[in-house]
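Source: prediction; values computed, not measured. Heads up: numbering here begins at 1 and tracks the sequence.
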Amino acid sequence: MSKTAFVTGGSRGIGLGIVKALLSKGYEVALNGVRDESAVQDLLKELQAAGGKVSYVQGNIGDANDRRRMVADLKEKFGQLNVLVNNAGVAPRERKDVLEITEDDFDYLLDINLKGTYFLTQEIVKWMVEQKKGAPAEDFTVVNITSISAEVASINRGEYCISKAGLSMMSKLLAVRLGEIGIPVFEVRPGVIETDMTAGVKEKYEQKIKEGLLVQPRLGLPEDIGKIVSALVSGDIPYSTGQILTPDGGLMIQRL
């Protein structure tokens with residue numbers, strides 16, 4: 001039976017980079033997005049034409065009913081799930097000073113980025129634990145895509161930073177809880193990656209890169225993250241649960 005994976009927010013950007021990498025390794029992949037399936041038909045056909053076994057699971061991870069339906073869809077489509085990649089997330093609707101963020105701003109972002117991810121993961125991990133008990137030799141992995149914003153403070157998008165810091169702690173908690181069961185959990189903290197989410201600030205970052213922001217002087221690419229996730233779920237990085245990988249071009253290195 002093929003190894004199976006579910007990638008939230010997998011129809012574009014970093015998520016799509018991860019989907020392509022897993023498909024290239026022979027995984028059967030379900031990708032998630034909020035758009036209707038009709039809106040991603042061209043993408044699905046493109047991935048399938050390249051030989052990928054791919055399907056679509058529509059839903060908003062911030063909605064409890066959608067989460068339940070998505071898990072039911074996965075059980076029906078796959079019967080088992082080896083890999084969960086939590087990638088879905090939104091940027092602030094409007095960048096505001098940390099003293100000006102409203103409760104509505106906060107709830108909108110945290111409901112999707114943190115609360116939704118937490119409870120979707122909880123449901124899927126319970127299923128993974130059941131599967132692991134029934135098939136101890138089978139491999140299962142959870143990968144959480146966070147951001148350098150889990151550690152780097154941006155005062156004009158504080159709710160985003162808080163959501164990523166929360167996901168970072170979720171990764172630690174799950175790694176501890178699932179360690180004895182044999183399900184590793186990893187956190188990947190991308191830096192500035194070239195996606196639709198960063199399109200509006202691309203020129204700003206390109207200028208900063210010219211001024212020495214990064215050790216490796218280029219924007220990151222979705223395929224960079226895809227390769228890292230593929231390596232993590234392959235089992236080629238053993239005895240490392242709970243580890244944080246930071247593909248950021250050297251941004252976080254302290255320099256004089």
Side-chain angles (χ1 to χ4, degrees), residues 6-19 30-37 39-40 43 56-71 84-124 142-171 187-202 204-205 219-222 224-226 229 247-248:
F6 180 47
V7 181
T8 67
S11 65
R12 54 171 56 133
I14 289 174
L16 182 56
I18 294 167
V19 168
L31 61 92
N32 152 260
V34 295
R35 291 178 290 172
D36 188 81
E37 185 166 352
V40 296
L43 171 63
Y56 187 65
V57 177
Q58 188 278 335
N60 175 8
I61 65 170
D63 182 280
N65 291 326
D66 277 12
R67 292 194 297 269
R68 285 190 287 269
R69 177 177 52 76
M70 287 190 288
V71 174
L84 169 62
V85 181
N86 286 310
N87 168 74
V90 294
R93 290 182 291 196
E94 181 182 353
R95 292 193 176 207
K96 295 180 181 178
D97 184 273
V98 69
L99 300 182
E100 303 299 329
I101 296 169
T102 66
E103 285 194 41
D104 187 52
D105 295 329
F106 191 91
D107 289 345
Y108 160 74
L109 192 140
L110 270 291
D111 279 352
I112 296 171
N113 289 16
L114 183 56
K115 180 180 176 182
T117 299
Y118 182 93
F119 285 103
L120 177 66
T121 304
Q122 183 186 73
E123 193 67 24
I124 289 178
V142 177
V143 181
N144 296 317
I145 308 299
T146 63
S147 166
I148 56 170
S149 295
E151 187 174 343
V152 178
S154 298
I155 62 170
N156 64 347
R157 53 192 187 109
E159 69 271 51
Y160 183 82
C161 296
I162 290 167
S163 73
K164 296 302 182 179
L167 287 178
S168 183
M169 177 52 70
M170 185 186 85
S171 298
E187 177 186 352
V188 178
R189 285 185 184 174
V192 186
I193 309 298
E194 189 171 354
T195 67
D196 55 353
M197 187 180 286
T198 58
V201 290
K202 180 180 177 181
K204 167 189 164 183
Y205 280 115
L219 290 167
L221 300 172
D224 296 327
I225 312 305
V229 172
D248 65 351

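In this structure a side-chain-to-backbone donor-acceptor pair under 3.5 Å is present from Thr198 to Ile193. Looking at Asp107, its side chain never comes within 3.5 Å of a backbone N or O of Asp104 through a donor-acceptor pair. The backbone N or O of Val57 sits less than 3.5 Å from a side-chain atom of Asn32, completing a donor-acceptor pair. In this structure a side-chain-to-backbone donor-acceptor pair under 3.5 Å is present from Thr8 to Ala88. A distance-only check finds no donor-acceptor pair linking the side chain of Gln58 to the backbone of Asp36 [under 3.5 Å]. Proximity of a side-chain donor or acceptor of Ser171 to a complementary backbone N or O of Glu187 within less than 3.5 Å is not detected. Counting only distance, with no hydrogens or angles, the side chain of Asn60 and the backbone of Val34 share no donor-acceptor pair below 3.5 Å.
For Thr195 against Pro222, the heavy-atom pair with the smallest separation is CG2-CG, 4.2 Å. Nearest heavy atom pair, residue Cys161 against residue Ser154, reads SG-N, 3.6 Å. Here the closest non-hydrogen pair linking Tyr160 and Ala91 is CD1-CA, 4.3 Å.
The CD1 atom of Ile162 lies 11.5 Å from the OG atom of Ser149; values are rounded to the nearest 0.5 Å. Here the CZ-CG distance, from Arg69 to Asp63, works out to 8.5 Å after rounding to the nearest 0.5 Å. Atoms CD and CD1, from Glu94 and Ile101 in turn, are 10.5 Å apart once rounded to the nearest 0.5 Å. With rounding to the nearest 0.5 angstrom, the CG atom of Asn113 is 6.5 Å from the OG1 atom of Thr117. Here the straight-line distance linking atom CD1 of Ile61 with atom CG of Asp66 works out to 10.5 Å at 0.5 Å rounding. With rounding to the nearest 0.5 angstrom, the CG atom of Leu31 is 7.0 Å from the OH atom of Tyr56.
Listed by chain and residue number, nothing satisfies the salt bridge (Lys or Arg N to Asp or Glu O under 4.0 Å) test with Glu159 (two or more places apart in sequence, or in another chain).
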Could you walk me through whether Met70 and Glu123 pass the side-chain contact (heavy atoms from CB on, under 4.5 Å) test, one step at a time?
CA-CA 10 Å; Met70 287 190 288; Glu123 193 67 24; over 6 Å; no
Stepwise side-chain contact (heavy atoms from CB on, under 4.5 Å) check, Phe6 with Val85:
CA-CA 6 Å; Phe6 180 47; Val85 181; over 6 Å; no
Can you check side-chain contact (heavy atoms from CB on, under 4.5 Å) on Ile145 and Leu167, steps first, answer last?
CA-CA 8 Å; Ile145 308 299; Leu167 287 178; over 6 Å; no
Carefully, step by step, assess Arg12 and Arg35 under the rule side-chain contact (heavy atoms from CB on, under 4.5 Å).
CA-CA 11 Å; Arg12 54 171 56 133; Arg35 291 178 290 172; 3.4 Å; yes
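Contact check for Val188 versus Ile225: side-chain heavy atoms found under the 4.5 Å cut-off. In this structure, Leu16 and Ser11 have side chains that are not in contact, with every pair of non-hydrogen atoms separated by 4.5 Å or more. For the pair Pro247 and Asp224, the minimum side-chain heavy-atom distance is 4.5 Å or more. Residues Ile14 and Pro190 form a side-chain contact, since some pair of their non-hydrogen atoms from C-beta on lies under 4.5 Å apart.
Taking a cutoff of 4.0 Å between a charged side-chain nitrogen and a carboxylate oxygen, Arg157 and Asp105 do not qualify as a salt bridge.
With no hydrogens or angles considered, a side-chain donor-acceptor pair links Asn86 and Asn144 at under 3.5 Å. Defined by atom type and a distance below 3.5 Å, a donor-acceptor pair is present between the side-chain atoms of Arg189 and Ser168.
For Lys96, the NZ atom is densely surrounded, since the number of other residues' heavy atoms within 6.0 Å is greater than 12.
A cation-pi geometry, defined here as NZ or CZ lying under 6.0 Å from the six-membered ring centre and within 45° of its normal, does not hold between Arg67 and Phe119.
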